[in-house]
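This report refers to the structure that appears directly beneath it.
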Amino acid sequence: TVIEFSSSSYDSLQFEKLLTLAQNNNIIMMEKLTNPKKSIVDTVDIKGSEAAGSPGSCTLSDFFAKQKLLSKNVCCSGAISTSEQIDYYLEQGAAAIVLGTVFALTKESAIDEDVKNKLIQKNAEDLEKIYNKNAVIFDRNQVIDTSDPNGTAGLRLGVRNQGGHIYMGNAISNVKQIMPVKEVIDNL
């Protein structure tokens, strides 16, 4: 079992209790980082500037080079969508790779087909334009937000679902068609 958390401070007594409880029950605590830093846990999930949702402060490759000097286990997130990228980070010593956008645009994804078709026409340059203060959220088949009416500044690109937002990162540039999950995995 893995619990991912984000924390700007470890001063909380409640956090210390949670960390002790996790360690005593073989639960891996993994800190999500957007900036290189020393973590009090062994495993971190780093998010490069290419990532969706809460992108990091530098590119994933630069982040990884810095963070692997500070952490025992580094998981890589953000714009990873090809076997070459996966191989590169694993060969460099990554503990794991996180793939998101590439699976959000599969046949099995809960996103409406019309919206998926709109999204596969986007690329990393579109996302950079969107990220620079023009958040665009597709709600079913319409663009409903071009400013920030619901606190969405910083959203790279996403689909509003019942459970919140499904974020898209720069990996969207490598998604050219909607495929079943099995086919995506086989291609990787």
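Heads up: numbering here begins at 1 and tracks the sequence. Please read all numbers here as calculations on a predicted model, not as lab measurements.
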To the closest 0.5 Å, what do you measure between [atom1] ([X]) and [atom2] ([Y])?
X	Y	atom1	atom2	result
N24	L19	CG	CG	9.5 Å
K38	L69	NZ	CG	10.5 Å
M179	L105	CE	CG	10.0 Å
T1	N26	OG1	CG	9.0 Å

Give the minimum heavy-atom separation between [X] and [Y], together with the two atoms involved.
X	Y	answer
N117	I120	O-CG1, 3.4 Å
T106	I178	C-CG2, 3.8 Å
L60	G78	CD2-O, 3.5 Å
E113	K107	OE2-O, 4.1 Å
L70	P36	CD1-C, 4.3 Å

Would you call [X] and [Y] a side-chain contact if the rule is heavy atoms closer than 4.5 Å?
X	Y	value
Y88	I97	no
M29	L18	yes
S109	F103	no
T59	E50	yes
K17	L21	no
T43	C75	yes
V184	L99	no
N174	V102	no

Are [Y] and [X] connected into the same hydrophobic cluster when the rule is that any two of I, L, V, M, F, W, Y join if their side-chain heavy atoms are below 4.5 Å apart?
X	Y	answer
V181	L188	yes
I27	I40	yes
Y89	L33	yes
I86	I185	yes

Positive for side-chain contact (heavy atoms from CB on, under 4.5 Å) with E31, one of S6, S39, S71: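 Single side-chain contact (heavy atoms from CB on, under 4.5 Å) partner of E31 among S6, S39, S71: S39.
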Could you please spell out the steps behind the side-chain contact (heavy atoms from CB on, under 4.5 Å) verdict for I80 and V98? CA-CA 7 Å; I80 300 172; V98 178; over 6 Å; no
Could you go step by step and tell me if D62 and K66 meet the salt bridge (Lys or Arg N to Asp or Glu O under 4.0 Å) rule? CA-CA 6 Å; D62 288 345; K66 294 173 185 175; 5.8 Å; no
Kindly determine whether V74 and F63 satisfy side-chain contact (heavy atoms from CB on, under 4.5 Å), including the steps that lead there. CA-CA 10 Å; V74 179; F63 198 161; over 6 Å; no
Is the backbone N or O of S57 less than 3.5 Å from a side-chain atom of T34, with the two atoms forming a donor-acceptor pair by type?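 Not confirmed, T34 side chain does not pair with S57 backbone.
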For A79, does its backbone N or O pair with a side-chain atom of Q85 as donor and acceptor, under 3.5 Å?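 Checked: pair present.
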